[in-house]
Structures are given as structure tokens and as C-alpha cells.
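When a residue number appears, it is its place in the shown sequence, counting from 1.
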Amino acid sequence: MDTIKIRTPDDWHLHLRSGEFLAAVLPFTIRCFQRAIVMPNLKPPVAAVASAETYYQNIKSLLPAGSIFEPLMTLYLTPETTPELIAAAAAHPHIYGVKLYPAGATTNSDYGVGSLKSLDDIFAAMQEHDLVLQVHGEDNKAHTDPFDREAVFIEEQLLPLRQKFPDLRIVLEHATTTSAVDFVNAWPRTAATVTPQHLLLNRGALFAGGLRPHHYCLPVLKREEHRKALLQAVTTPGQSSFFLGTDSAPHPTGCKHSACGCAGIFSAHAAIELYAEAFDSVAALDQLETFSSLNGPAFYGLPVNSGSITLKRESWTVPVSYPFGSESLVPLRADEQVHWRIVG
Ligand code: DOR
Ligand code: ZN
């Protein structure tokens, strides 16, 4: 297969930032995605209905005339979140979920929550109002090995939550391990987003020829056996629980090239093309549409998009960097080739 036409895809996990950074990265996403769940980890976090609406309007105001791109907003779950806020969020036309960050687990997660145990009233309200819980599934205890954080979180926090609130819709964001795949496959009303980097790279990519800050994200890249399990999960015919979420997370070059570099990989410039590469690598391009364009809307209870995009097997070289407001941004595959291209 050298060309493939799929229904217009959506990105179910995206960081768009704000201000000049938002203006710089938004064009990359809207060139191929019709909708995106826009992550709320701004400073300060998007934790109130009014801030989500302001952020929504801000994104909309930057769209070129005629764009039908739709930002889908999510609220940052903080210790101050109340059941009343959940009810208001569920009733709001632009809010589609609530994002749980274990405090300290990742970029701008300081406002997140310590333990899930004290949040039963919030989860009960989310279950009652059928609002999706989007989880950054990593244990945040300082002594937990970074490569085990997802598995530990699933075992100690997510499993008890899943059992206690069986009707709550849960998305385990950016799944990276066999533990995540097994968990998602075992439970109804449970799904996962999967990033391009976790399908294409294993943890060796962090150290290939030297330290590679542009391959550093959280959850961190894992062993090859985990990458293979993820690729198998997303390409299995009939699977409906895994869908596209890039976790494209831009940081200024200076913050990546640092003694204490930020976590986050920018992939929006070549997102669907990189997924095509991953699916092509196991001769499963026929499953790309299900993962990219069908499973996400089905889980979120939204219609599928009516348009389409066409991808062609054709190599192009990714720029060394892109402008990023007054800074620069190094994309995934910088100065290297991507082997698929959007042609229509
Ligand atoms: O690598 C990451 N970057 N993981 C996250 O969870 C957050 C993100 C960011 O906002 O930069
Ligand atoms: Zn993210």
C-alpha cells in the first residue's frame, strides 16, 4: 500500500500551551486533525469552567478563516475541585473531561493530587455525570523507579479506582507498558491513548550515540518488549480501546538543552505521518483509521468526522527546528526523514 485514505483523524491528547507558543504550534495540529483534547497544564492550570472557556475562545480566535478545527477542553483536577464544579463542567458544551495529574509526576503537575483516596466524591460526581476521567498514570513516590511508575500506579491506584467506580469512563493517557495494555484490555469503559514515540522508539533512543533530550518525555520511553506490545495492541483488528493521542508537548530548545531538561516531545509537525510509519512497520496500515479516526469518537460519544485525508509513502526531511515565538522548537526526527506525507 503506497497511499492510504482515512477519515479525518482527531488528537485525543495534545499540549497547545498559550500565548506566542500556542500561535506557533496550532497550525501543525490543524493541518491534519479536526478535533483535539487540549491538555490543561498551563500556568496557572485550567481548573475552572471559566478558564476552560477562555482558553477555548483563545484557541478559536487563532484559527484561520474557514477552519473547522474544534478544541475539546478538559479541566485540571486539583485538591480544590468540587462535585459542583464537575456538574458544571459536564453541562458545559466545550468540556469533555477532567485530567488527573499525580502531583509532581510531570511537567506543570504541581497543582495535581496526592492520593486518589480522598477524591471519591469527585469520581462519584464524574461517574454520575458521565464525564471522562483522563489519567496521567504514573506513581509519584520519589523512590519509585521511573521505568516502573506506570505499572505501580496501575496496581496501587488505578485498579482500586476502576473497581470502585465501574461506570466511570477512564482514559489511561499515553500508555507505555504491557501493564497498561493488559489493564485496558481487561476492563470495560477503559481506554488508552498511545503516542507516536512510544510506538516507534524504545528507551535505547534516549542514549543513542549520546544523551538525547528530544527523546525525553513522561512517561519515559520503555523497553522494546513494551513497544512491541503497544504496537500489537493498536493494530489488532477489532480493538476499540486504543486511540490516537500524540501528547505533542513543545518546549523551547533552551529548556530541553539544559542540565535539568524538560519532559516533552513535539510531534505535531508529523504526527499522523509517524503513526502511519508505525502501522506500516507491521503491515497494519488497514488498522490506522480505526485507531486514528474511529475509536476516539466512539469512546467519547462523538460523531466521526465526515472528511478524509490521504497519506502517501514519500520521504521528506524534517527541519532542524521551527520558530516558537521568540524561541525555537526542535521537533521529533529533526533533520531526519519521515517516510509518509499528507497529499490530500
Ligand atoms: O513529557 C511530557 N510532557 N509528559 C507530560 O505528561 C506533560 C508534557 C508537557 O506538558 O510538557
Ligand atoms: Zn500530556
Side-chain angles (χ1 to χ4, degrees), residues 10-14 16 34-42 44-57 59-60 70-103 109 111-137 153-154 157-175 183-184 186-193 240-243 245 294-304:
D10 304 300
D11 185 347
W12 299 95
H13 185 131
L14 174 67
L16 282 178
Q34 187 163 327
R35 296 171 289 200
I37 293 273
V38 182
M39 286 295 138
N41 60 336
L42 305 183
V46 180
V49 169
S51 15
E53 180 61 20
T54 302
Y55 193 19
Y56 173 88
Q57 296 298 346
I59 296 165
K60 280 292 223 184
E70 192 61 18
L72 311 177
M73 312 313 290
T74 176
L75 290 189
Y76 195 123
L77 179 53
T78 76
E80 276 76 53
T81 305
T82 61
E84 293 71 34
L85 175 58
I86 296 298
H92 193 278
H94 302 141
I95 299 178
Y96 290 83
V98 173
K99 178 74 187 283
L100 187 158
Y101 288 101
S109 64
Y111 297 88
V113 292
S115 154
L116 307 196
K117 292 201 185 83
S118 57
L119 299 170
D120 278 3
D121 57 338
I122 303 301
F123 298 135
M126 291 185 69
Q127 178 170 257
E128 182 193 336
H129 295 285
D130 202 16
L131 193 58
V132 173
L133 177 68
Q134 300 141 344
V135 180
H136 183 108
F153 182 87
I154 290 170
Q157 309 256 17
L158 201 52
L159 186 58
L161 174 71
R162 181 66 294 176
Q163 287 165 331
K164 197 161 189 180
F165 298 98
D167 292 330
L168 181 62
R169 279 183 292 160
I170 299 178
V171 181
L172 177 55
E173 300 293 342
H174 38 57
F183 179 78
V184 168
W187 292 94
R189 300 181 80 72
T190 308
T193 52
S240 59
S241 306
F242 295 88
F243 42 85
L294 306 182
N295 288 350
F299 189 84
Y300 275 89
L302 293 169
V304 297

Gap between atom [atom2] of [Y] and atom [atom1] of [X] - 0.5 Å precision:
X      : Y      : atom1 : atom2 : value
Leu294 : Phe243 : CG    : CZ    : 12.0 Å
Leu119 : Thr81  : CG    : OG1   : 8.0 Å
Arg162 : Leu172 : CZ    : CG    : 11.0 Å
Phe299 : Ser241 : CZ    : OG    : 8.0 Å
Leu100 : Leu75  : CG    : CG    : 12.5 Å
Ile86  : Met126 : CD1   : CE    : 5.0 Å

For a 4.5 angstrom cut-off between non-hydrogen side-chain atoms, does [X] reach [Y]?
X      : Y      : result
Val98  : Leu131 : yes
Asp11  : Ile37  : no
Pro40  : Met73  : no
Leu302 : Leu72  : yes
Val38  : Thr74  : no
Val113 : Tyr101 : no
Asp120 : Lys164 : yes
Val132 : Gln134 : yes

Indicate the atoms forming the closest heavy-atom contact of [X] with [Y], along with that distance.
X      : Y      : value
Ala89  : Ile95  : O-CB, 3.6 Å
Thr82  : Ile122 : C-CD1, 3.6 Å
Pro79  : Gly112 : CD-O, 3.7 Å
Leu85  : Ala47  : CD2-O, 3.4 Å
Thr190 : Val184 : O-CG1, 3.8 Å
Gln127 : Leu168 : OE1-N, 3.2 Å

Please tell me whether His136 and Glu173 have a donor and an acceptor in their side chains that are separated by less than 3.5 angstrom.
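There is no such pair (donor and acceptor under 3.5 Å, judged by atom type) between the side chains of His136 and Glu173.
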
Using 4.0 Å as the upper bound for N to carboxylate O, is an ion pair formed by Lys60 and Glu70?
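Looking at Lys60 together with Glu70, the answer is yes, because their closest N to O distance falls below 4.0 Å.
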
Do side-chain atoms of [X] reach the backbone of [Y] as a donor and acceptor pair under 3.5 angstrom?
X      : Y      : answer
Thr54  : Ala50  : yes
His92  : His94  : yes
Arg169 : Asp130 : yes
Asn295 : Phe242 : yes
Thr193 : His174 : yes

Using side-chain contact (heavy atoms from CB on, under 4.5 Å), reason through Asp167 and Arg189 one step at a time and then give a plain yes or no.
CA-CA 7 Å; Asp167 292 330; Arg189 300 181 80 72; 4.2 Å; yes

Audit row: Leu16, Ile59, side-chain contact (heavy atoms from CB on, under 4.5 Å) steps and yes/no
CA-CA 9 Å; Leu16 282 178; Ile59 296 165; 4.0 Å; yes

Indicate, with yes or no, if the rings of Tyr300 and Trp12 have centres closer together than 6.0 Å.
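Yes - the distance between ring centres of Tyr300 and Trp12 falls below the 6.0 Å cut-off.
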
Parallel, tilted or perpendicular for Trp187 and Phe183, by the 30°/60° rule?
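It falls in the tilted class, 30° to 60°.
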
Set out, in order, the CA-CA distance, both residues' side-chain angles and the distance that settles side-chain contact (heavy atoms from CB on, under 4.5 Å) for Tyr111 and Leu77, then state yes or no.
CA-CA 8 Å; Tyr111 297 88; Leu77 179 53; over 6 Å; no

